[in-house]
Amino acid sequence: MNAGQRRVIIVGSGPNGAVYARRVLEQTENVSVLMIEAGPVLTDPLGMNVRNIPDPAAQTEAKLASQGPASGRAGVAGIPTGAVMEGTVTARQGTHLVGRAANGSGGLPAAAAATCVGGQGAHWTCATPRPIGSERIDFIGDDELDALLDEAERLLHTTHDAFGGAPQATAMLDLISAEFTDQGIAVRPLPVAGDPQVDGSMRWSGTDVVLGSLAESETHLERFELRPETLVVRLVVEGADVVGAVLRDVRTGVETEERADEVVVAADALRTPQLLWASGIRPDALGRFLTEHPLVFGVVAVKDGLLPPPDPGAAPVDPVRVVVGVRFDEERHPFHAQMLYSPVCPIPLPPDSPHFGNPSGYVGMGWGVRKWPRPQDRVTFDDAEPDENGLPGIRIAYEVTEREVAELDRAREFQARAAAALGEFIDGMPVVMPPGSSLHYMGTVRMGPADDGDSVCDSYSRVWNHPGLVLAGNGLIPTANSCNPTLTSVALAVRGADALAARLSDG
Ligand SMILES: Cc1cc2nc3c(=O)[nH]c(=O)nc-3n(C[C@H](O)[C@H](O)[C@H](O)COP(=O)(O)OP(=O)(O)OC[C@H]3O[C@@H](n4cnc5c(N)ncnc54)[C@H](O)[C@@H]3O)c2cc1C
């Protein structure tokens with residue numbers, strides 16, 4: 001490092017780590033960024049959404065490469081491999097299971113993560129609804145949170161009129177609206193992160209769009225280095241200060257220590273607390289208040305004549321042609337629902353199914369429900385039985401309570417009405433998905449307004465009492481919400497990154 005030069009290490013190359021890299025570099029002149037990622041590079045540009053890869057074999061290869069050292073375990077019991085109504089069904093290629101149930105608990109059997117440059121942001125469905133009412137974080141002012149969410153939408157390329165020109169979109173919106181709007185429930189095109197293309201398809205956002213020019217391999221930027229296939233095994237802590245990280249090259253096993261002025265850990269909601277635990281940073285709230293979205297999911301075979309038939313000539317890379325969202329409303333509809341229309345069935349159907357090859361296509365519909373934060377829903381770490389990387393084993397204690405069961409029952413009623421408006425469920429649907437299926441894990445490193453034992457970090461994402469340590473990701477979200485979390489966590493990362501850049505510039 002040159003004199004006066006400062007350095008930030010970022011652990012994790014998903015959308016939240018990318019926010020820190022981009023903003024710190026854009027807002028400073030004297031700071032270099034070393035981004036460490038356990039998984040491999042999949043795409044050029046870095047971190048692109050693999051759904052944009054046109055060649056199906058290459059797409060599958062990129063998904064398999066993201067499944068971590070234990071990729072043989074990928075696939076969750078009860079869900080067919082290749083189930084791809086993303087955002088609503090789990091065990092998708094591209095992810096691998098993480099952790100296991102704590103003794104006496106059902107855990108989150110479907111808990112999964114992606115290990116690759118871009119993180120889960122290389123695989124996500126891109127639904128970016130905003131948190132509403134009680135879903136919002138009340139210790140960040142409303143106007144400020146709205147501005148942060150605006151900036152997050154800009155970074156993720158969120159569009160509010162996806163597939164506006166698709167012939168099926170208007171018809172589907174009309175049918176679902178007719179079912180719900182007289183109750184005051186808002187039905188809208190689902191906000192999604194992507195860039196509409198002239199042929200009517202979508203270029204889905206990945207972490208590439210958040211990285212911006214950092215994602216272009218030909219861009220040589222002196223102050224930025226991405227080190228893939230490198231695992232952070234612990235943070236270097238001196239006194240209470242975090243001053244660096246110990247890195248392991250996963251190809252050679254060689255470990256080195258790197259120093260930094262500040263370290264940002266953006267290693268997902270299960271592996272971020274794992275790394276803190278492994279580093280001896282163990283505040284009371286670490287791993288507690290784990291939430292996700294209990295999910296009821298079904299696929300509807302659309303009734304003939306309701307929607308214009310799909311264009312037989314169109315062979316898009318990704319089959320989704322319409323996205324419809326039903327918004328959260330505290331009283332009337334305390335859920336976020338998403339419906340994705342596709343000419344092809346999003347899950348494999350046996351050829352003898354009455355719904356096989358349905359000429360009018362299919363709609364996958366998921367209703368996500370709130371989980372109320374409780375300290376006993378938590379991730380713990382087993383030093384005696386480490387994971388495949390030698391890091392403390394992840395154990396998950398988690399129960400769905402009567403409160404969430406009641407909300408799931410209520411959600412099913414809304415879902416049944418939407419399904420009846422469009423056609424009928426295919427065999428065996430809808431189903432309440434196994435816990436963990438949402439892939440939206442939150443609360444494990446939650447932020448809070450005060451260091452009162454119920455939070456791990458402050459509202460600028462700085463870990464209480466550990467100067468030099470900043471966290472990012474869905475684990476920071478402290479509320480009971482039902483909206484897909486990435487837009488919110490990216491908004492929080494914008495706040496934390498701008499504060500970090502200001503600190504580093506001030507010297
Ligand atoms: C199939 C799928 C569909 C989804 N759909 C949606 C959706 O529609 N809407 C939505 O809001 N969200 C969705 N999500 C979730 C969304 O992708 C995540 O919220 C988002 O990627 C979180 O970003 P992140 O940067 O915090 O973490 P991640 O993207 O998870 O990235 C974390 C990275 O950290 C790395 N890492 C972990 N530990 C270490 C270590 N010790 N050393 C080095 N690196 C490490 C991991 O390898 C990973 O690459 C979906 C996810 C998947 C998989």
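Numbering of ligands and ligand atoms starts at 1, following listing order. Below, each value reflects all heavy atoms present in this structure, side chains not excepted, and no hydrogens, waters or symmetry copies. For this chain, numbers begin at 1 and follow the sequence in order.
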Would [X] and [Y] pass as an ion pair if we require N to O under 4.0 Å?
{"X": "K371", "Y": "E407", "value": "no"}
{"X": "E153", "Y": "R130", "value": "yes"}
{"X": "R259", "Y": "E238", "value": "yes"}
{"X": "D387", "Y": "R271", "value": "no"}
{"X": "E26", "Y": "R23", "value": "no"}

Have a look at [options] and point out the one with the heavy atom closest to [atom].
{"atom": "atom 12 (N) of ligand 1", "options": "V490, T486, I477", "answer": "T486"}
{"atom": "atom 38 (N) of ligand 1", "options": "A267, G47, G206", "answer": "A267"}
{"atom": "atom 23 (O) of ligand 1", "options": "C483, P15, S13, S438", "answer": "P15"}

Please classify the [X] to ligand 1 contact at 4.0 Å (heavy-atom distances, strictly less than): side chain, backbone, both or neither.
{"X": "Q274", "value": "neither"}
{"X": "A266", "value": "backbone"}
{"X": "A114", "value": "backbone"}
{"X": "Q120", "value": "both"}
{"X": "T95", "value": "side chain"}
{"X": "C126", "value": "backbone"}

Which of the numbered atoms in ligand 1 are under 4.0 angstrom from any heavy atom belonging to [X]?
{"X": "C116", "value": "47 (O), 49 (O)"}
{"X": "G119", "value": "29 (O), 31 (O), 48 (C), 49 (O)"}
{"X": "G14", "value": "25 (O), 29 (O), 31 (O)"}
{"X": "V11", "value": "40 (C), 42 (N), 43 (C)"}
{"X": "L231", "value": "40 (C), 41 (N), 42 (N)"}
{"X": "G12", "value": "33 (C), 34 (O), 35 (C)"}
{"X": "A127", "value": "7 (C), 8 (O), 9 (N), 10 (C), 11 (O)"}
{"X": "D268", "value": "30 (O), 32 (C)"}

For this session: Could you pull out all residues at least two apart from W277 that satisfy ring-ring contact (aromatic ring centres under 6.0 Å, His included)?
Result: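 Partners of W277 under the ring-ring contact (aromatic ring centres under 6.0 Å, His included) test: F381.
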Exercise. Going by distance only, is there an N or O of W124 that falls short of 3.5 Å from an N or O of ligand 1?
Worked result: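 Not met; the criterion fails.
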[X] near ligand 1, heavy-atom distance under 4.0 Å?
{"X": "N389", "value": "no"}
{"X": "G121", "value": "yes"}
{"X": "Q338", "value": "no"}

Exercise. Of the non-hydrogen atoms in P294 and Y398, which two are nearest, and what is the gap between them?
Worked result: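 Result for this residue pair: CG-OH, 4.3 Å.
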Problem set entry | No-hydrogen, no-angle side-chain donor-acceptor test under 3.5 Å, E135 and S482 |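 Side chains of E135 and S482: pair found under 3.5 Å.
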Exercise. Do we see a donor-acceptor contact under 3.5 Å between the side chains of H123 and S66?
Worked result: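 The criterion, which ignores hydrogens and geometry beyond distance, is satisfied for S66 and H123.
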For this session: Please name the residue in the list Q338, H293, H336 that meets the side-chain hydrogen bond (donor to acceptor under 3.5 Å, both in side chains) test with N484.
Result: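 Only one of Q338, H293, H336 forms a side-chain hydrogen bond (donor to acceptor under 3.5 Å, both in side chains) with N484, namely Q338.
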Problem set entry | side chain to side chain donor-acceptor pair (under 3.5 Å) partners for T272, two or more places apart |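 Checked T272 against side chain to side chain donor-acceptor pair (under 3.5 Å); zero matches.
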For this session: Calculate, to the nearest 0.5 Å, the distance between atoms CG and CG belonging to L46 and D44 respectively.
Result: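 L46 CG to D44 CG: 6.5 Å, rounded to 0.5 Å.
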For this session: Please name the residue in the list P45, C116, P15 that meets the side-chain contact (heavy atoms from CB on, under 4.5 Å) test with T207.
Result: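 By the side-chain contact (heavy atoms from CB on, under 4.5 Å) criterion, T207 pairs with just one of P45, C116, P15: P15.
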